[in-house]
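Take a look at the structure below.
Heads up: numbering here begins at 1 and tracks the sequence.
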Amino acid sequence: MNKAQLVEAIADKMGGRQQAAEAVDHVLDAIVRAVVAGERVSVTGFGSFEKVDRPARYARNPQTGERVRVKKTSVPRFRAGQGFKDLVSGSKKLPRGGEVAVKKAPKGSLTGGASATVKKAAAKKTTARKTTAVAKKTTAKKTVAKKTTATAKKTTAAAKKTAAKKTTATAKKTAAKKAPAKKVTAKKAPAKKSTARKAVAKKAAAR
């Protein structure tokens with residue numbers, strides 16, 4: 001039996017083929033979404049669907065016999081319920097007429113409006129993941145802004161130090177240039193005194 005035949009099998013009980021197709025689609029979608037999210041879907045009397053993690057391992061290629069490395073993966077698993085097993089094994093007989101083979105599941109199992117509950121749970125997880133991602137991006141932006149500010153402060157401080165060093169060096173050079181000029185002036189003064197003495201000596205000799 002394929003999906004189309006399954007829809008046809010329950011069309012009369014669902015009030016039409018379209019309603020049956022929608023019901024089958026919604027049930028399967030709810031099961032798939034729940035299992036992908038890591039949840040276990042259990043239907044009393046029928047079985048349970050769950051996600052199983054398989055560790056990395058080595059396997060053999062059936063055609064060549066070559067040893068192949070198989071990566072870690074996750075696979076879906078279905079475990080038939082006891083009621084389903086009993087019906088298949090023949091220990092229990094299928095009910096006659098329009099009775100349902102699988103009994104109704106209690107609250108919390110995947111029957112009726114339970115699919116909506118599964119969808120809501122999946123939606124909540126998706127929202128939580130998006131919120132976490134946005135928070136991480138915001139934190140990263142703040143960190144970058146702090147680093148940029150710190151770098152700008154360091155650059156400004158370095159520029160101020162460089163300017164101060166240049167100013168000090170210029171002042172020292174200017175002071176060094178002015179100092180020799182004073183010394184030269186001091187040396188010229190004795191020369192004037194010697195000239196005055198010679199003039200006095202000449203006058204004395206003329207007399």
Side-chain angles (χ1 to χ4, degrees), residues 1-64 67-142:
M1 178 182 284
N2 57 27
K3 184 180 177 182
Q5 292 171 333
L6 177 62
V7 170
E8 289 294 339
I10 64 173
D12 294 337
K13 298 175 183 179
M14 295 297 297
R17 192 178 185 284
Q18 184 177 355
Q19 288 83 351
E22 290 179 356
V24 171
D25 287 337
H26 286 308
V27 170
L28 296 179
D29 181 68
I31 292 173
V32 171
R33 289 181 182 276
V35 173
V36 170
E39 298 179 15
R40 186 170 182 270
V41 181
S42 179
V43 182
T44 304
F46 177 69
S48 61
F49 300 87
E50 59 185 336
K51 179 180 179 181
V52 180
D53 294 327
R54 287 185 178 176
R57 66 189 190 284
Y58 285 97
R60 291 193 180 277
N61 188 326
Q63 295 180 349
T64 62
R67 197 181 185 195
V68 182
R69 173 76 174 178
V70 181
K71 295 181 180 180
K72 179 182 178 181
T73 185
S74 297
V75 295
R77 176 187 290 174
F78 171 72
R79 290 184 178 180
Q82 190 59 47
F84 194 2
K85 289 180 181 179
D86 292 341
L87 292 172
V88 173
S89 65
S91 59
K92 285 186 179 182
K93 294 183 179 181
L94 283 171
R96 296 178 181 180
E99 294 183 18
V100 179
V102 179
K103 293 182 180 180
K104 293 182 179 180
K107 293 182 179 180
S109 299
L110 190 64
T111 55
S115 61
T117 305
V118 174
K119 288 184 178 181
K120 287 181 181 179
K124 286 181 180 179
K125 287 189 176 181
T126 305
T127 305
R129 287 175 185 173
K130 288 182 179 180
T131 305
T132 304
V134 172
K136 287 182 179 179
K137 287 182 180 180
T138 305
T139 305
K141 287 181 180 179
K142 288 182 179 180

Work out which heavy atom in [X] is nearest to a heavy atom in [Y]; give both atom names and the distance.
X: Ala80; Y: Lys85; result: O-CE, 3.3 Å
X: Ala9; Y: Met1; result: CB-CE, 4.3 Å
X: Ala20; Y: Ala11; result: CB-CA, 3.7 Å
X: Pro95; Y: Ala101; result: CG-CA, 3.8 Å

Would you indicate whether the side-chain heavy atoms of Glu50 and Arg79 approach each other to under 4.5 Å? yes
To the nearest 0.5 Å, tell me how far [X] [atom1] sits from [Y] [atom2].
X: Arg69; Y: Arg57; atom1: CZ; atom2: CZ; answer: 10.0 Å
X: Leu87; Y: Gln82; atom1: CG; atom2: CD; answer: 10.0 Å
X: Asp25; Y: Glu22; atom1: CG; atom2: CD; answer: 8.0 Å
X: Arg33; Y: Leu28; atom1: CZ; atom2: CG; answer: 12.5 Å

With a 3.5 Å distance limit and no angle check, can you tell me whether Gln5 reaches the backbone of Asn2 through a side-chain donor-acceptor pair? yes
May I ask you to decide if Arg54's main-chain N or O and Thr73's side chain share a donor-acceptor pair within less than 3.5 Å? no
Could you label the plane-to-plane angle of the Phe46 and Phe84 rings as parallel, tilted or perpendicular, counting under 30° as parallel and over 60° as perpendicular? parallel
So, is the end of the Arg77 side chain (NZ or CZ) under 6.0 Å from the ring centre of Phe49 and within 45° of the ring's axis? no
